[in-house]
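Structure, as C-alpha cells:
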Number of protein chains: 2
Amino acid sequence: MVTDGEQSGERNRGAVRGGGRWPTVRGTHAAPARATSRDVARAAGVSQATVSLVMGDKWRGRVSEARAEAVRSAARELGYRRNLAARDLRLGRTRTVLLVVPALTNEFFARVYAGAARVAGEQGVGVLLYPSPEGIGPARDPFASARAALDGVIASSMAVDSLAALRAGGLPVVMLDSDPRSAEAAATVNPDIADGMRQVAAHLLSLGHRRFAHLAADVDSWTFRVRARALAEALRDVPDARVVRTEPAALHVDAGRAAAERVLSAPGARPTALVCDDDMLAAGACKAARRLGLRVPDDVSVTGFADLSLATAVDPELTTVRLPAEAVGEAGMRALAAVLDGRPDGAAELPVSLVARDSSGPAARGA
Amino acid sequence: MVTDGEQSGERNRGAVRGGGRWPTVRGTHAAPARATSRDVARAAGVSQATVSLVMGDKWRGRVSEARAEAVRSAARELGYRRNLAARDLRLGRTRTVLLVVPALTNEFFARVYAGAARVAGEQGVGVLLYPSPEGIGPARDPFASARAALDGVIASSMAVDSLAALRAGGLPVVMLDSDPRSAEAAATVNPDIADGMRQVAAHLLSLGHRRFAHLAADVDSWTFRVRARALAEALRDVPDARVVRTEPAALHVDAGRAAAERVLSAPGARPTALVCDDDMLAAGACKAARRLGLRVPDDVSVTGFADLSLATAVDPELTTVRLPAEAVGEAGMRALAAVLDGRPDGAAELPVSLVARDSSGPAARGA
DNA sequence: CAGGGTCGGTTTTACGTATAACGTTGACGC
DNA sequence: GCGTCAACGTTATACGTAAAACCGACCCTG
C-alpha cells in the first residue's frame with residue numbers, strides 16, 4: 001500500500017545536509033534533525049497531504065478518525081512539529097506582529113508586553129517591539145527597526161500620535177489606551193480609566209477632602225485626557241469642591257516633584273489632596289511634600305495611577321489605581337488575532353480598582 | 001537575452017492569490033503584493049540567482065560591479081525586501097533566539113531585553129522571551145512557552161540553575177551574569193560585579209565607615225556570590241573593619257525592609273553602613289531605618305546595586321552601582337550571533353561605575 | 001596550440017508545507 | 001444495472017530563496 005524504499009536516497013541526503021549545515025560550536029553540537037510531515041506520513045502509512053490536514057485540524061469530513069489518530073500518534077512518536085518557516089512561506093504570512101510602546105523600561109508597558117507575549121506564545125506568533133529610544137513620546141518611524149514583514153500592529157496611543165503611518169502599510173492595527181470611538185483602529189483595548197478616577201475622587205471625598213490639585217502628565221494622549229475629564233466631572237456635583245490643575249509634568253519622579261513643590265507652595269489655601277496622573281508623579285509629590293516639611297498623609301494626601309512596584313517601594317506606600325497592564329496586553333493580542341482571522345473585534349474596556357494605602361488619609365481639619 | 005513573456009501567467013496567478021489571501025478587514029485593505037527576487041531579476045535583466053547573490057552580499061568576485069548596481073537599483077525601485085520565511089526555509093534556520101530572564105517586570109531585565117532586542121532588530125532576528133511567571137527563580141521548562149524552533153539561547157544565570165535542559169536541545173547558549181569559567185556556555189557576558197563592589201567598599205571606607213552590614217539577596221547565583229566575596233576581600237586588609245551578613249532576603253522592597261529592621265535593631269554596636277545587593281533591598285533598608293527613627297545617611301548609610309529608576313524615586317536618592325543593563329543585552333546578542341556564525345566567542349566583562357547620591361554620608365562619630 | 005584556471009554569470013534543485021484538483025470506492029435511488 | 005453522490009485520500013504544485021553544479025569565454029602558460 002505504501003511505497004517504501006524508493007525514497008531512502010532522499011532521506012540520506014537530508015542527513016548529510018544536517019551534518020554540514022550546523023557548524024560545530026565548541027566541539028560537540030548535535031544536529032537536531034527534525035522530523036518532517038513526510039516522515040510522519042511514512043510512519044503512519046498515509047500521504048503527506050493527510051498529515052498536513054490532520055495537523056492543521058482541518059480534517060473534519062475529509063479523513064477518517066482511525067487514520068487521523070494514526071497520524072497523531074506517529075507525530076507524537078517522532079516528536080514532529082510543523083516547520084514554521086515552510087508554513088509561513090506557503091501561507092504568505094509572517095506570524096509576527098509589532099508592538100509599539102513608548103518604553104519597555106516603563107514598568108507599565110513591560111507588563112503590557114508580558115501579557116501580549118504570553119498570548120502570542122500560545123498562538124505561535126512572535127512579537128516584535130518598537131523600542132522608542134527617547135522614552136514617552138511619538139514614535140517617528142515605527143517600521144525603522146522592524147524591516148521584517150508584519151501581519152499586524154498593536155500600538156499604544158502614547159507612542160503614536162497618528163495612525164497614518166501605520167495604516168499606510170495596509171496592516172490591521174489594534175490600539176491600546178486610545179479613544180474607543182476612533183474609527184481608524186480595527187479594535188481598541190482600554191482600562192476603564194474614567195472609572196478609576198471616579199474611585200479616586202470618591203475615596204478622597206469620603207475622607208473629607210475638598211481642595212484638590214490635579215498633577216497632570218504632559219503627554220497629550222487619550223488616557224490622560226480622560227483622567228482630567230473624569231476628575232472634573234466627579235467633583236462637579238460637590239458644592240464646595242475645588243480643583244486646580246498644575247501645569248503638565250513629564251512622566252518622571254523629578255518632574256512630579258518640581259510640579260508638586262510649586263503647587264504646594266503657591267499662595268492661597270493649600271490643596272489637601274494631590275491627585276496624580278501616574279505613580280511616578282505621585283512619588284515625586286511625596287518627595288516634594290517632605291522637602292517642604294509637610295507630612296503625607298497628615299498634611300496632604302497623594303494618589304497615584306497604575307500601581308507600579310514603585311508604589312510600595314516609596315514611603316509612605318501610595319494609594320493608587322491598579323491598572324491591569326498584563327490584561328491589556330493579552331486582550332490586545334487576542335483582538336489582533338481575531339481581526340487577522342477576519343472576525344472584526346470591537347472596543348474592550350477592562351475593569352480597574354482603587355488600592356488604598358498610606359499616602360491618603362483624612363483631610364486636615366480647617367487647614 | 002531574458003525570456004520575458006512566458007512567465008506572465010505565473011504572475012497573474014500571483015495577483016489573484018494576493019486578492020484572495022488577504023481578508024478584507026473593515027472594508028478597505030490593500031494587498032501588499034510584495035516584489036520577489038524574480039521580479040527584481042526581470043527588471044534588472046539578470047537571473048534570480050544573481051539577485052540572491054547581490055542581496056546576500058556574497059558577490060565579491062562573482063558578479064560585476066555594473067550588474068550588481070543594476071540589481072540594487074532595481075531592488076530599490078520595486079521596494080524589494082527578502083522574504084524571510086523563504087529564506088529561513090532554505091537555510092533551515094529560525095532567526096529566533098530565546099531570552100531566558102527571571103522577569104520582565106524587573107527593570108534590570110527589561111533593560112537587558114531592550115538592549116538585546118535592539119541588536120536583534122539590526123540583525124533581523126527575533127527575540128522570544130521565556131517569561132518566568134514566578135519572578136526570580138529557576139525556570140522549569142524553558143521551552144514550554146517556546147515550542148517554535150530556535151537558533152540559540154541567551155539565559156540569565158538567575159533564571160536557570162543548570163544548563164542541562166538547554167543543552168539537551170543542542171543549541172548554543174550564551175550566559176549572562178554567570179561564572180565566566182563555566183565551560184558549559186558558548187560565551188558569557190557579565191558586568192564587572194566585583195569591581196562595583198570594590199568601589200562601594202572604597203567609597204564607604206573613605207567616608208569613615210568601619211562597621212558594615214551586608215544585606216544579601218536570597219538568590220543563589222553567581223552575581224550575588226561575587227558581591228559577597230568582593231566585599232569581604234575589600235575589607236580584609238582594613239584592620240578595624242567588620243562586616244556582618246544578614247540572612248538572605250528575597251528581591252523585594254519589603255523583604256529588604258524586614259531584613260534591615262532586624263540587623264539595625266540587633267543587640268550590639270549598630271552598623272553604620274548597609275551594603276545591599278540590590279536597589280530594591282536598599283529601598284527597603286531606607287524604609288526600615290525611617291521606621292526605627294534613624295536618619296539616612298546621618299545615622300546609617302545605605303548603598304544599592306543596579307541603579308534602577310527606583311534609585312532616584314525614593315527619598316533620599318540611593319548611592320548605588322550602575323550596571324550597564326542594556327549593554328549586557330547587546331553584548332549577549334552579539335556574542336550569540338558570533339557563535340552562530342561559527343566564530344567562537346569568549347567571556348566579556350563590562351565596566352560598571354559607582355553613582356554617589358544622598359543615601360551615603362560620613363560615618364556617625366563614635367556611634 | 002592544447003590544457004587548465006578564473007571570471008561572470010545561469011540553470012536547476014531543494015527546503016517543508018498547504019491546498020486545489022483529481023481519483024477511487026461503495027452505497028443508493030430508480 | 002447504471003448514473004450520482006458522498007466519503008476518503010492522494011497527486012501535484014507553488015510559495016521565494018540560496019547555493020551547488022554547470023557553462024561559455026577569455027587568459028595564461030608551457
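Chain identifiers are assigned alphabetically (A, B, ...) following the order of the sequence lines, protein sequences preceding nucleic acid strands; residue numbering begins at 1 within each chain. Everything numeric in this text was worked out from a predicted model, so none of it was measured.
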Side-chain donor/acceptor pairs under 3.5 Å, residues 51-59 of chain A, sequence neighbours excluded:
from  : atom 1 : to    : atom 2 : distance (Å)
A:D57 : OD2    : A:R60 : NH2    : 3.1

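- Side chains of A:L99 and A:Y113 form a contact here, defined as non-hydrogen atoms less than 4.5 Å apart.
- Under 4.0 angstrom from either OP1 or OP2 of C:dG9 there lies at least one side-chain N or O belonging to B:S64.
- Rounding to whole angstrom units, CD of residue B:E69 and P of C:dG8 are separated by 16 Å.
- What separates CG of B:D88 from C1' of D:dC15 is a distance of 14 Å, to the nearest Å.
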side-chain contact (heavy atoms from CB on, under 4.5 Å) between B:T36 and B:N83, intermediate numbers included: CA-CA 8 Å; B:T36 75; B:N83 181 317; over 6 Å; no

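- What separates CG of A:D39 from P of C:dG16 is a distance of 8 Å, to the nearest Å.
- The distance between atom CZ of A:R62 and atom P of C:dG23, rounded to the nearest whole Å, is 15 Å.
- Not counting sequence neighbours, the partners of B:D88 by the side-chain hydrogen bond (donor to acceptor under 3.5 Å, both in side chains) test are B:R95.
- A salt bridge links A:E69 with A:R76; the closest basic N to acidic carboxylate O contact falls under 4.0 Å.
- Using a 4.0 Å heavy-atom criterion, one finds that A:S47 contacts the bases of the nucleic acid, with or without backbone contacts as well.
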Report each atom pair, protein N/O against N/O of nucleotides 17-19 of chain D, whose distance is under 3.5 angstrom.
from   : atom 1 : to    : atom 2 : distance (Å)
D:dT17 : OP1    : B:Y80 : OH     : 2.5
D:dT17 : OP1    : B:N83 : N      : 3.4
D:dT17 : OP2    : B:S37 : N      : 2.4
D:dT17 : OP2    : B:S37 : OG     : 2.5
D:dA18 : OP1    : B:R82 : NH1    : 3.4
D:dA18 : OP1    : B:R87 : NH1    : 2.5
D:dA18 : OP2    : B:S52 : OG     : 2.7
D:dA18 : N7     : B:Q48 : NE2    : 3.3
D:dA18 : N6     : B:Q48 : OE1    : 3.1
D:dA18 : N3     : B:R90 : NH1    : 2.0

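- Taking CZ from A:R67 and CZ from A:R62, the interatomic distance works out to 14.0 Å, rounded to the nearest 0.5 Å.
- Summarising the geometry, the separation between CZ on B:R67 and C1' on C:dT10 is reported as 10 Å, rounded to the nearest angstrom.
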